[in-house]
**Q** 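Would you mind keeping the following structure in view while I ask a few things?
In what follows, chains carry the letters A, B, and so on, assigned in the order in which the sequence lines appear, proteins first and then strands, with residues in each chain numbered from 1. The model shown is predicted, which means the values in this text are computed figures rather than measured ones.
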There are 2 protein chains.
Amino acid sequence: MSKKDTNTEDKILKAANKVFTQKGFAATRTRDIAAEAGINLALLNYYFRSKKKLFDIVMLENLKKFLVVNLKDIFNNEKLSINQKVQEVVSKYTILLKSNPDLPIFILNEIKNNPQQLAQNLGAREIIFQSHFFKQLQSQTTVKISPKQVIINILGLTLFPFIAKPLIKNIMDMDSEDFDDFVDERNHLIPIWIDAILKE
Amino acid sequence: MSKKDTNTEDKILKAANKVFTQKGFAATRTRDIAAEAGINLALLNYYFRSKKKLFDIVMLENLKKFLVVNLKDIFNNEKLSINQKVQEVVSKYTILLKSNPDLPIFILNEIKNNPQQLAQNLGAREIIFQSHFFKQLQSQTTVKISPKQVIINILGLTLFPFIAKPLIKNIMDMDSEDFDDFVDERNHLIPIWIDAILKE
DNA sequence: AAATTAATTAATCAGATGATTAAAATTGTT
DNA sequence: AACAATTTTAATCATCTGATTAATTAATTT
């Protein structure tokens, strides 16, 4: 490892990301972040001014990770069919959430507390509603089902198991391996289900 | 109104339910509960000993509301077909969540922090896996799709919009009326979609 | 090397927060 | 009414928590 393998600022950011996503803003203590980062508490305020400012940075990173990276390129790839796009979206989210299980609850939970400011800056609205995918759905879907409903179906079917992971593992008596198999199976099936829904 | 329209204990419980479900355990101040209930802070500890004990009571009530009330009777009603059961479940949850929008995040978020103790006491496992509905699914579903997947599909399609409500309203530029229309439409469509999935 | 700037530390502050206490007020009992 | 038990209140405690400060150490510049 080089001397500056990770500088203090990055160590704090990494630790903050871990603790914030795991426990949420209110339950997080700045001392926990400092301990996790292995630095003096005062350095947190030295580099980031306040807990809230540090949180905002972490949240923005995660929002980008969650909303943009996954959707933008897929939704606008004109070479992909509807079904291929669904496959890509489900697969990307399944991979992302298998290694970031706390991401959905973290984001949804904290967005609830900040009704406005978040998310619109990321251009999520445009990414979705002006996308090639949305136009494909508009020209394909029947009067029974709107593109908005389809998109919520894709996201609901894909994200819900991760959001409800602790509950599902408990009630369905799954260990972590069972759960991974379960979402892998869904990764394969959801595009088929969406296809069935669109043909309905 | 009678003199004892609501006694102190109930006032505290009602207020605690409101504040806890809205803000979660960590972000809730006992002083906020006292203020919401219009009582002296000390009465909270007088009646419920501690913030945590009060929270546990509120959480148990909400878990029951969320898990048992909705599912138990429907899942075991032998007179209902699969499709009728799906209609009932979706409809009951849609009604419940329209008047309790914070319920899903509240429960899922706090279950995450209590991996074990919760939920198993409610017998949710038995309610689902020993239900008439589960057996119906077992005899109907193909090799492609297990009853577990179907149940998660029903719950995901139904609950996800409420879980992601702030995000959806923001990104899809909906007001509260739009959102209600949106979930009402889903209430009608989800049973049809589940049917399509089962026939797939 | 000296001087300047940046980074780090230990100690501390001020306000928030869950909880307790002792006294006062209310209600119930004899 | 007198007494006892219960409920309510205001004040206070002890601890937690985000943030700051002043001093120290390390790095950079001149």
**Q** Across the strands shown, which category fits A:Phe48 at heavy-atom distances under 4.0 angstrom: base, sugar-phosphate, nothing?
**A** nothing
**Q** Does B:Lys51 or A:Gly38 map to a spot on DNA chain C nearer the 5' end, using the closest nucleotide for each?
**A** A:Gly38
**Q** Give a yes or no on this: more than 12 heavy atoms of other residues, nucleotides or ligands lie within 6.0 Å of atom NZ of A:Lys18.
**A** no
**Q** Does any donor atom in the side chain of B:Gln149 or B:Asn153 lie under 3.5 Å from an acceptor atom in the other side chain?
**A** no
**Q** I need the NZ-P distance between B:Lys53 and C:dG18, as an integer number of Å.
**A** 15 Å
**Q** In whole angstrom, give the distance that lies between atom CG of A:Leu44 and atom P of C:dA7.
**A** 15 Å
**Q** So, B:Thr158 side chain and B:Leu155 main chain: donor-acceptor pair closer than 3.5 Å or not?
**A** no
**Q** Whole Å only: how far is the CG atom of B:Leu41 from the C1' atom of D:dT12?
**A** 12 Å
**Q** Using OP1 and OP2 only, check whether a side-chain N or O of B:Tyr47 sits under 4.0 Å from D:dT8.
**A** yes
**Q** D:dA19, C:dT21, C:dG18: which one has an atom nearest the side-chain heavy atoms of A:Asn45?
**A** D:dA19
**Q** Please determine, for the side chain of A:Thr8, which listed nucleotide (D:dT20, D:dG18, C:dT8) has the closest atom?
**A** C:dT8
**Q** Rounded to the nearest Å, what distance is computed from the CD1 atom of residue B:Ile33 to the P atom of nucleotide C:dA16?
**A** 18 Å
**Q** To the nearest Å, how far apart are B:Lys23 NZ and C:dT17 C1'?
**A** 13 Å
**Q** Taking only the side-chain heavy atoms of A:Arg31 (C-beta and beyond), determine which of D:dA19, D:dT9, C:dT17 contains the nearest atom.
**A** D:dA19
**Q** May I ask you to decide if the ring planes of B:Phe133 and B:Phe75 are parallel, tilted or perpendicular, using 30° and 60° as cut-offs?
**A** tilted
**Q** Find the distance B:Tyr46:OH to D:dA5:P and express it as a whole number of Å.
**A** 13 Å
**Q** Over how many whole Å does the gap from B:Asn40 atom CG to C:dA25 atom C1' extend?
**A** 13 Å
**Q** What is the distance, to the nearest angstrom, from the CG atom on B:Leu43 to the P atom on C:dT20?
**A** 14 Å
**Q** Do the side chains of B:Ile197 and B:Val150 get nearer than 4.5 Å, heavy atoms only?
**A** no
**Q** Between the base of C:dG18 and the side chain of B:Arg29, is there a donor-acceptor distance below 3.5 Å?
**A** no
**Q** Tell me whether the side-chain N/O atoms of B:Thr30 come closer than 4.0 Å to OP1 or OP2 in C:dG18.
**A** yes
